[in-house]
Amino acid sequence: MKIRVKGEMSMPALRQALFEQLYALEEDHFVRHCREVSLFLTPTNGFGEPIVARTECGAALDAVYSDGPYLSAAAEFRL
């Protein structure tokens, strides 16, 4: 399944657009679980020109990885 968001936008706007689409999948289409999600994006300078994201050391940042959301101690110990 693909979610596509067209046009250049700020990161908060992208976050909201993704939230709305994921909410619609859950509420309108009864999608309750998923796995192995990949998100591809092209960072821009606000004028439509691509930029290269960089680490603190100045190296090009090609990918970031996540093991899922942060679990609080209460959630981890089911309190």
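Since we're looking at a predicted model, the values are computed, not measured.
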Which atom pairs, donor and acceptor, lie under 3.5 Å between side-chain atoms of residues 16-33 and protein residues at least two apart or in another chain?
from, atom 1, to, atom 2, distance (Å)
Q16, NE2, E20, OE2, 3.0
R32, NH1, E26, O, 2.4

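Inter-residue side-chain proximity for L14 and P12 is flagged as unmet; no heavy-atom pair is nearer than 4.5 Å.
Rounding to the nearest 0.5 angstrom, the gap separating the CZ atom in F40 from the OG1 atom in T42 is 10.5 Å. Between the CE atom of M9 and the CE atom of M11 there is a distance of 10.5 Å, given to the nearest 0.5 Å.
In the hydrophobic clustering of this structure, L61 does not group with L39; members are Ile, Leu, Val, Met, Phe, Trp, Tyr whose side-chain heavy atoms approach within less than 4.5 Å, directly or through other members. Note on L41: it does not cluster hydrophobically with V64, by side-chain heavy-atom contacts below 4.5 Å among ILVMFWY residues.
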